A.B. asks: 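Following this message is one structure expressed as structure tokens.
Per chain, numbering begins at 1; letters A, B, ... match sequence-line order. The structure presented is a predicted model; accordingly, all values stated were derived computationally and were not measured.
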2 protein chains.
Amino acid sequence: MPTDKNIDLTISDGHASAPPKAAKKILDVAYDLFYRRGIRAIGVDEIVKRAGVTKPSLYRSFPSKDELAASYLRQYDLEYWERFDEAVAAHPGDPRAQIKAFLTRIGKRTQVADYRGCGMTNAAVEYPDHSHPARVVSEANKQELRRRLRAMAVAMGAQDPDTLGDGLLLLIEGAYISGQLFGLGGPAKAVARNADLLIEASLKK
Amino acid sequence: MPTDKNIDLTISDGHASAPPKAAKKILDVAYDLFYRRGIRAIGVDEIVKRAGVTKPSLYRSFPSKDELAASYLRQYDLEYWERFDEAVAAHPGDPRAQIKAFLTRIGKRTQVADYRGCGMTNAAVEYPDHSHPARVVSEANKQELRRRLRAMAVAMGAQDPDTLGDGLLLLIEGAYISGQLFGLGGPAKAVARNADLLIEASLKK
DNA sequence: AGGTATACGTACCGATCGGTAACATTGTCA
DNA sequence: TGACAATGTTACCGATCGGTACGTATACCT
């Protein structure tokens, strides 16, 4: 989808909105390559080559490879909450159904060959240093996920909402990881079912 | 298939004579560095420097960096099942208590600063290629984990043992990942409690 | 048209990557 | 003491890493 609505490609550089065409191509290619093969595994040379541009173009739009990786994750973040909000919007006022819809979708996505899990999670694994630009974006995304899940656990009427919210997060992260570990037929396809069992067991009686 | 290797190094052929002393130092250092900072992030130069040896020594004991990484994971595998078997041995004939003990231990391990999760999981994230030597070890470890968890779910008398076993695996992987994502106070500390809730909800009534 | 700001390309940098050749030194055990 | 395997030493390889100096083309605004 051409989601080119006000993508901020400038990296807090101060110089106002100048949208170079090359920057979008670079970010699109970097997105694909970083996600599928990993950030550390991809060099800037391959990115510019596949994008049909040259290296100076990359460094005019992005201060560094690390910041390009952070931009990739910011884009990923946008699309992530889009998917999340779709599941929420599909079941207004019914958080349990929202969770189930979101997890069913995740479970389905994991059941394709060469599934690569969550770009946020993967980036955090690649960069243990908490101060790395990519990891900063990743951690913020996960904090927000935790916040939402706990809030939904409250809305579901859980006995211990924080525990249930965290339990759902563990199942989700487990699905991302085991999806790329096991491939088709892996445990991730059972994520929605297990989440529903866990929810049922966590509600006030 | 790899074409013929000209070197006839019999890999770990168990010739019972003296194992090289440098190899152990190298593997110990590589273990620590690979686990804490990631395999791709560590160069062979840093390994030999910290080990107090030289690069040729590394390549006399290990055919390549990739194989050194695989050796690291094989060592990790050994210690992993040691921990697992300890939890099992602590509660003979009581698979539910075994799981609880194992997960309590995981939950506790995740609650230290700079926790880095599971070396197997991390390696798989770093190397999406299924043919990579490190990933081969990692995937075998995870397959075995899945097998054991499903078997324990059977022993627990679950209504749907495969689903419960997979649910436990999702929680475990989620704990590994969120442990390194959130640090202290993260969702991973709730893994044992959520697992127990899930087990309770999955037993035959 | 002309000037000017902006985007882009060519060519290059030093550092580091994984890995090796050739030879000197050590430790061990018969 | 001799033999032999393990390790150290030094220097090197081609490839790739992230990043840049500097000149050229293109678009826009009078």
Side-chain angles (χ1 to χ4, degrees), chain A residues 7 9-11 13-30 33-34 37-72 123 126-127 129 132-134, chain B residues 2-3 5-10 12-30 33-34 37-72 123 126-127 129 131-134:
Chain A
I7 302 174
L9 295 169
T10 64
I11 314 303
D13 199 6
H15 79 284
S17 61
K21 278 173 301 185
K24 186 187 186 312
K25 280 193 296 185
I26 291 167
L27 186 55
D28 285 349
V29 169
L33 258 31
F34 283 163
R37 316 224 321 252
I39 299 172
R40 294 199 115 112
I42 298 296
V44 290
D45 292 277
E46 183 163 1
I47 293 173
V48 299
K49 189 176 174 186
R50 304 265 273 246
V53 300
T54 57
K55 224 179 332 182
S57 282
L58 192 158
Y59 284 97
R60 277 178 215 114
S61 300
F62 305 91
S64 65
K65 184 199 174 186
D66 288 343
E67 281 300 333
L68 173 60
S71 293
Y72 143 58
E126 285 199 88
Y127 295 99
D129 183 356
H132 191 283
Chain B
T3 57
K5 296 301 259 184
N6 44 1
I7 306 174
D8 60 311
L9 40 89
T10 52
S12 64
D13 58 343
H15 67 295
S17 51
K21 202 171 44 166
K24 186 186 187 314
K25 279 194 297 183
I26 292 167
L27 186 54
D28 285 350
V29 169
L33 258 31
F34 283 163
R37 315 221 327 248
I39 299 172
R40 293 198 117 111
I42 298 296
V44 289
D45 292 277
E46 184 163 1
I47 292 173
V48 299
K49 190 177 173 186
R50 304 267 275 246
V53 300
T54 56
K55 217 165 3 167
S57 279
L58 193 158
Y59 284 97
R60 282 181 205 114
S61 300
F62 304 92
S64 65
K65 184 199 174 186
D66 288 344
E67 281 299 333
L68 174 59
S71 293
Y72 143 58
E126 286 199 89
Y127 295 99
D129 182 355
S131 69
H132 191 283

A.B. asks: Quick one: side chain to side chain contact (heavy atoms under 4.5 Å, CB included) partners of A70(A), sequence neighbours excluded?
C.D. replies: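 For A70(A), the residues satisfying side chain to side chain contact (heavy atoms under 4.5 Å, CB included) (neighbours in sequence not counted) are E67(A), R74(A), P133(A), V137(A).
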A.B. asks: Expressed in angstrom and rounded to an integer, what is the separation of K24(A) atom NZ from dC8(C) atom C1'?
C.D. replies: 19 Å
A.B. asks: Under 3.5 Å, side chain of E126(A) to main-chain N/O of I39(A), donor-acceptor pair present?
C.D. replies: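 Yes, the answer is positive, given that a donor and an acceptor are paired below the 3.5 Å cut-off.
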A.B. asks: Summarise how protein sits on nucleotides 16-25 of chain D as a single string, 5' to 3': B when a protein heavy atom is under 4.0 Å from the base, S for sugar-phosphate-only contact, - for no contact.
C.D. replies: -SBBBB----
A.B. asks: Applying ring pair (Phe, Tyr, Trp, His ring centres under 6.0 Å), can you list everything that pairs with F34(A), at least two apart in sequence or on another chain?
C.D. replies: Y72(A)
A.B. asks: Taking only residues two or more places apart in sequence or in another chain, which ones pass ring pair (Phe, Tyr, Trp, His ring centres under 6.0 Å) with F62(B)?
C.D. replies: none
A.B. asks: In whole Å, what is the span from the CD1 atom of I26(A) to the P atom of dA7(C)?
C.D. replies: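 Distance check: I26(A) CD1 to dA7(C) P gives 12 Å.
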A.B. asks: Indicate, with a heavy-atom threshold strictly under 4.0 Å, whether T54(B) touches base, sugar-phosphate, or nothing.
C.D. replies: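 Base, at least one base atom sits under 4.0 Å.
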A.B. asks: Only pairs under 3.5 Å count here: list side-chain donor-acceptor contacts from residues 47-54 of chain A, not counting sequence neighbours, and write none if there are none.
C.D. replies:
from	atom 1	to	atom 2	distance (Å)
R50(A)	NH1	E46(A)	OE2	3.3

A.B. asks: Restricting to salt bridge (charged side-chain N to carboxylate O under 4.0 Å, His left out), what partner residues turn up for D66(B), sequence neighbours left out?
C.D. replies: none
A.B. asks: Counting only side-chain nitrogens and oxygens, does S57(A) get under 4.0 Å of the OP1 or OP2 atom of dA7(C)?
C.D. replies: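 So the side-chain polar atoms of S57(A) never come under 4.0 Å of the phosphate oxygens OP1 or OP2 of dA7(C).
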